[in-house]
Structures are given as structure tokens and as C-alpha cells.
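See structure below.
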Amino acid sequence: MCSIFGLTSSRVPRELIEACFNRTVSRGPDMSRLEEIPGGILGFHRLAIMGLNERGMQPFHLGNDAVVCNGELYGFRPLRERLMERYEIKGESDCEILLPLYHEYGIEMFKTLDAEFALILYDGERNKVIAARDPIGIRPLYYGRLEDGEWAFASEPKNLSGLCAEILPFPPGHYWIDGEFHSYADPSHVDRFIMEDEDTVCRELNRLLTDGVKKRLDADAPVGFLLSGGLDSSLVCAIAQKLLPHPIRTFAIGMDVDAIDLKYARIAADYIGSEHTEVIISEKDVLEALPAVVELLGTWDITTIRASVGMYLVCRWIHEHTDIRVLLTGEISDELFGYKYTDFAPSAAAFQEEAEKRIRELHVYDVLRADRCISVNSLEARVPFGDLAFVHYAMKIDPELKMNRHNMGKYLIRKAFAEDHILPDAILWRQKAAFSDAVGHSMVNDLKALAERTYTDKEFTEKAAKYDYRPPFTKESLLYRELFERYYPGQARMIPDYWMPNKAWPGCDVNDPSARVLSNYGASGQ
């Protein structure tokens with residue numbers, strides 16, 4: 001996955017820099033480097049995915065310029081061939097073409113990238129530092145001010161703890177220069193809808209998602225797939241299996257007493273012919289993992305933490321038992337096409353407004369979860385539903401078509417692949433179940449029970465009252481907040497709010513984020 005680090009100050013003691021930088025070595029265990037630039041420093045922990053030899057190590061240099069980047073640049077090979085006619089490119093890493101592209105286009109380069117990336121670039125001619133992040137925020141980046149007023153950037157907030165009084169997520173789709181942020185892309189914004197018929201929309205969704213999966217199969221390191229048995233991850237796996245000449249490797253996780261997903265994941269795996277592994281976890285595994293999960297996430301959000309426990313444990317198993325370096329996942333479909341609670345949207349306009357909000361906030365919820373659970377285990381996440389062309393198109397679809405008019409959420413994406421028969425109907429038309437529930441209802445129950453054992457009613461009331469910002473409203477949320485404050489004291493504003501159904505909609509004024517509490521959950525958890 002890699003980790004980047006950069007300061008615009010040369011006044012920070014080297015020992016402190018190294019201590020902060022090394023907190024994320026698990027993101028890039030293959031090789032590490034701290035390198036001084038005029039008036040500052042750049043750091044890089046490498047996880048080798050493209051160009052596996054030492055020529056792929058960063059920072060990359062071109063003239064007096066330097067760059068560190070955690071990213072994947074899709075379709076880079078033709079670009080690389082063209083740029084090699086004018087620039088010396090020494091290795092096979094996709095990110096090595098960034099400085100040649102910067103020389104060609106300057107900061108306009110960011111608009112041209114088909115990529116998931118976070119980078120820090122030093123422009124030697126102008127003696128300026130530039131930082132930037134991809135439009136969705138799939139790759140993490142945080143920033144803060146140092147005591148001397150200068151700036152710090154890093155892949156994770158833990159890198160900046162002790163350096164910056166306030167740590168904040170770098171806004172997706174922006175670049176930073178001269179102390180100011182500039183927006184270069186906003187995939188949530190739609191000027192006008194594509195008023196096409198349902199069949200045309202479905203054909204285009206099929207084409208774009210297939211292309212998004214195909215791009216993400218390009219790696220010089222072994223690739224695997226998380227398969228929950230739900231629609232989204234199953235589609236990613238099925239498309240990949242159709243594209244590849246050999247069985248893909250899929251992984252599912254479930255509780256030892258009431259796993260829901262394992263059954264469906266097995267059905268999907270048997271149908272597509274993948275090499276499938278089931279990882280079984282217990283209450284003990286869940287409760288022991290909880291503090292580590294909160295620390296690696298850097299969040300107090302209930303939904304994110306619940307969904308991360310299973311994901312972290314399955315990724316840990318993959319790291320410990322296989323040679324896989326890249327994992328494809330099914331995140332972002334819900335935000336584009338709807339979740340159980342969007343069935344309650346009072347209008348198409350409200351549905352669209354909610355989708356735009358969720359896309360803008362992805363980087364602090366589902367995308368954060370996928371990045372941290374995977375990267376802490378020295379793996380790289382790739383998210384086909386986050387392909388920029390796919391997201392742009394999906395957001396422009398007439399929201400009337402995305403409303404649940406068929407008693408089946410995400411109907412369009414299901415219909416888009418129905419004629420391909422790459423999945424059995426039991427999976428393609430399976431009702432949505434939240435990942436944290438489908439790992440096993442007992443997992444969330446175990447977490448709630450732990451919170452009940454930890455606080456009396458009086459203790460909950462007293463402790464929750466200490467927090468002015470987004471105060472805990474259940475014992476479970478208090479448990480998570482106190483764990484968060486243990487690792488990130490005073491940094492609660494990194495997260496804007498609790499991920500919850502839209503309480504303004506009828507049927508959604510609930511005090512638990514799980515779809516289980518909604519009246520339309522029905523057969524989702526069976």
C-alpha cells in the first residue's frame with residue numbers, strides 16, 4: 001500500500017521525525033527512506049506492487065524535483081512509453097511517470113490522472129511543496145500545522161500525532177500549494193443527468209465496471225479478492241474470474257456460531273470456480289481485536305468500527321498465510337446505488353442529494369475502513385466500484401432509475417449483469433445485508449454486550465457528558481470514543497459525524513446504524 005510523509009520545515013528534530021514516520025511501516029515494509037529537501041523532508045515506506053526491484057523505490061527525482069506517492073496510476077504503460085521519448089525513466093513503477101507528467105502539464109496533471117493516489121511533490125525550480133489526493137480519497141492523506149507554522153502531511157494521523165496540535169483529513173479531489181487548498185475534481189457534483197433508458201444505462205454500467213475491474217488486475221505482485229457473498233464483492237470476483245485464465249483466490253470470514261455470509265460466499269465461489277478460503281472467528285477474536293481496530297482506523301464511528309473487525313481479521317489471516325499483496329474489494333456501490341435506508345428516500349431529488357453527501361464523505365467511512373484494515377496488514381486495496389469513469393457515470397444516472405421501484409435495492413447494477421450469467425440468481429438477486437451483520441449477528445451483539453459490561457447507566461451518563469463534539473449516545477459509542485481518545489487525544493474532529501441513516505426521512509429516525517433496525521430489513525440477514 002505504501003506510506004508517504006512530508007514536512008515543509010527543517011526545524012523538527014530528526015529523532016522525532018523518525019519516530020513519527022515509522023508508525024506506519026506496516027503500510028510499506030519492503031524498504032524505507034527519509035530524504036531531505038530544501039527546507040523540509042520527504043519520507044516513503046514501500047510496499048512493492050509495480051516494478052518490484054529497487055528502481056521502484058521513492059522519492060523519485062527529475063532534475064531538482066522530487067515526489068513521493070502512494071498510488072496506482074491505471075493505464076500508465078502507454079503513457080510511460082510516450083514519456084520515455086523525452087525523459088529518463090529508470091524503472092517499471094507506475095508512479096515514476098508523475099514527475100515527467102508534472103513537467104508536461106504542471107498542476108493540471110491532477111485532472112488527467114486515472115488513479116487512486118496521495119502524493120507530496122517538491123518543485124525545485126519554484127522551491128514549493130505541492131500535496132494532492134485523488135477525487136474520491138481512496139488513498140489516505142492527512143495534514144496539520146507544526147509549532148513553527150509550517151506544514152506536515154502523512155498517510156495516517158498516527159504519523160502526525162505529537163507533531164501537530166490539530167490533525168485533519170486532506171480533502172479529496174484537491175491539491176495544496178502555498179498554504180491553500182484548490183479543488184480540481186468533485187465526482188459527487190452533477191451538472192445534469194443522463195436521461196437514458198434503463199437498458200442503455202445497464203449496458204454502460206456493465207462495460208464501465210468490467211473495465212474498472214480489468215484495470216485493477218494489473219500488478220506485478222499476487223492478487224486476491226475479498227468475497228462476502230453479497231452482491232458487490234461477488235460481482236467484482238465474477239468479473240475478474242471471467243477475465244482471467246486461472247482460478248482467482250477468494251476469502252470470506254464469518255463467526256463460528258451464526259455466520260450468514262459464509263454460505264453465500266461459498267455459493268458464489270463454487271459457481272465462478274475460485275480457489276476459496278473461509279476464515280472462522282470467535283467472540284474472543286472479536287473482543288481482543290477491538291482496541292487494535294480502533295487504533296488502526298483513527299475513528300470513533302460505530303458503523304466503521306463494527307464493519308472493520310471482520311475485515312481486519314480476514315486481512316490479517318491473508319497476510320499471515322499467503323503471498324498475496326493486492327486485494328480487490330466491493331466498497332462504494334452502496335453510496336452510488338443505494339443502501340437499505342435509501343428505500344425511504346422521499347423523492348428522487350432527496351436520493352441524489354444523499355448520494356452526493358455519501359460520496360463526498362466516503363474517505364472518512366467505508367474507504368477509510370478498507371484502506372486501514374488492508375494496509376495495516378501490508379496489503380494494497382483496490383476498489384473497482386471507485387473507478388472514476390464508473391463513479392462519474394453512476395452519479396449522472398437519473399435518480400428516478402436508482403430509486404427502489406422493484407422491491408430490490410441496487411436494481412440497475414443487478415440487471416446490468418443478469419444476462420451475463422456470471423453469478424447465480426441466489427447471489428445476484430440476494431437482498432442487501434450489512435457486512436458487520438452478515439459476518440454474524442452475534443459479532444455486533446458481542447460488542448454491545450462488552451459495552452454493557454463496561455459501563456453502568458450512571459457511568460455512561462457521566463462519561464458521555466464530557467464530550468462536546470459528537471457526544472456518544474449509547475454505551476457502545478462511548479466505548480469506541482474512549483478507545484479513540486486513548487490513541488488520538490483531542491482529535492475527534494477528524495471524523496465529521498456518526499454514519500447513520502438520514503434521520504430526516506420517515507422510517508430512519510433510529511439510534512443504531514445497523515440496517516437490522518430498519519423496517520425493510522426483512523430477509524437480508526438470512
Side-chain angles (χ1 to χ4, degrees), residues 1 26-27 47 216 221-237 240 247-270 272 274-297 299 303-333 365-385 427 433-444 446-447:
M1 183 61 90
S26 63
R27 295 186 69 92
L47 179 70
R216 286 158 179 79
V223 177
F225 299 79
L226 295 183
L227 175 58
S228 72
L231 173 69
D232 308 326
S233 64
S234 297
L235 268 179
V236 169
C237 293
I248 64 172
R249 298 176 70 181
T250 55
F251 301 86
I253 189 165
M255 293 293 289
D256 55 359
V257 291
D258 60 351
I260 300 167
D261 271 352
L262 290 182
K263 174 179 70 172
Y264 292 101
R266 174 61 66 181
I267 292 171
D270 288 346
I272 67 176
S274 68
E275 181 185 332
H276 188 59
T277 300
E278 295 178 347
V279 178
I280 310 299
I281 57 175
S282 66
E283 176 186 3
K284 181 174 181 288
D285 296 323
V286 169
L287 300 186
E288 286 182 350
L290 180 61
V293 166
V294 174
E295 181 183 14
L296 68 91
L297 290 173
T299 189
T303 301
T304 308
I305 293 168
R306 286 179 181 176
S308 293
V309 174
M311 194 172 203
Y312 164 71
L313 290 171
V314 71
C315 292
R316 187 177 72 181
W317 192 96
I318 293 168
H319 170 68
E320 292 174 348
H321 295 89
T322 78
D323 62 350
I324 284 171
R325 284 283 179 110
V326 177
L327 284 174
L328 271 69
T329 75
E331 274 74 27
I332 303 182
S333 174
Y365 298 116
D366 273 12
V367 163
L368 181 151
R369 166 175 57 84
D371 173 82
R372 300 300 196 283
C373 293
I374 291 174
S375 67
V376 78
N377 289 296
S378 301
L379 304 166
E380 174 172 288
R382 294 188 180 178
V383 189
F385 280 100
I427 301 299
F435 178 62
S436 58
D437 290 327
V439 167
H441 286 172
S442 64
M443 189 190 79
V444 172
D446 293 339
L447 291 168

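The shortest distance between side-chain heavy atoms of Val294 and Pro291 does not fall below 4.5 Å. Between Ile332 and Asp366 the shortest side-chain heavy-atom distance does not fall below 4.5 Å. Looking only at side-chain heavy atoms (C-beta outward), Leu290 and Ile305 come within less than 4.5 Å of each other. At least one side-chain heavy atom of Ile260 sits less than 4.5 Å from a side-chain heavy atom of His441. For the pair Ile253 and Ile281, the minimum side-chain heavy-atom distance is below 4.5 Å.
Within the model, atoms CZ of Arg316 and SG of Cys373 stand 11.5 Å from one another, a figure rounded to the nearest 0.5 Å. Note that CG of Leu235 is 11.0 Å distant from CG of Leu227, once rounded to the nearest 0.5 Å. How far CG of Leu226 is from CE of Met311: 5.0 Å, rounded to the nearest 0.5 Å.
Ser442 and Val257 get closest at one heavy-atom pair: OG-CG2, 3.4 Å. Arg27 and Arg372 make their closest contact through NH1-CD, 4.4 Å (heavy atoms, listed as atom of the first residue, atom of the second, distance). The two residues Met443 and Gly310 come nearest to each other via the heavy atoms SD-N, 4.3 Å. Summarising the geometry of Ala381 relative to Ala370, their closest heavy-atom pair is CB-O, 4.2 Å, with the distance given to 0.1 Å. Across Ile248 and Cys237, no two heavy atoms sit closer than the pair CD1-O, 3.5 Å. Summarising the geometry of Leu296 relative to Val376, their closest heavy-atom pair is CD2-CG1, 4.0 Å, with the distance given to 0.1 Å.
The main-chain N or O of Asn377 is never found under 3.5 Å from a side-chain atom of Ser26 such that the two would form a donor-acceptor pair. Counting only distance, with no hydrogens or angles, the side chain of Ser233 and the backbone of Ser228 share a donor-acceptor pair below 3.5 Å. In this structure, the side chain of Asp371 does not engage the main chain of Leu368 through any donor-acceptor pair within 3.5 Å. Side-chain atoms of Arg382 come within 3.5 Å of backbone atoms of Arg216 as a donor-acceptor pair (strictly under, hydrogens ignored).
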Quiz item: Would Leu328 and Val223 satisfy side chain to side chain contact (heavy atoms under 4.5 Å, CB included), going step by step from the backbone distance to the final call?
Solution: CA-CA 8 Å; Leu328 271 69; Val223 177; 3.7 Å; yes
Quiz item: Can Phe225 and Val236 be said to form a side chain to side chain contact (heavy atoms under 4.5 Å, CB included), step by step?
Solution: CA-CA 8 Å; Phe225 299 79; Val236 169; 4.2 Å; yes
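Under the side-chain hydrogen bond (donor to acceptor under 3.5 Å, both in side chains) criterion, Asp446 pairs with no residue, sequence neighbours left out. Applying the ring pair (Phe, Tyr, Trp, His ring centres under 6.0 Å) criterion to Tyr312, with sequence neighbours excluded, gives no partner residue. Looking at residues two or more places apart in sequence or on another chain, you find a side-chain hydrogen bond (donor to acceptor under 3.5 Å, both in side chains) between Glu331 and Thr329, Arg369. Under the side-chain hydrogen bond (donor to acceptor under 3.5 Å, both in side chains) criterion, Thr250 pairs with Ser274, His276, not counting sequence neighbours. Shown here are the side chain to side chain contact (heavy atoms under 4.5 Å, CB included) partners of Thr322, two or more places apart in sequence or in another chain: Arg249, Phe251, Trp317, Ile318, Ile324. For His319, the side-chain hydrogen bond (donor to acceptor under 3.5 Å, both in side chains) test picks out no residue, with sequence neighbours left out.
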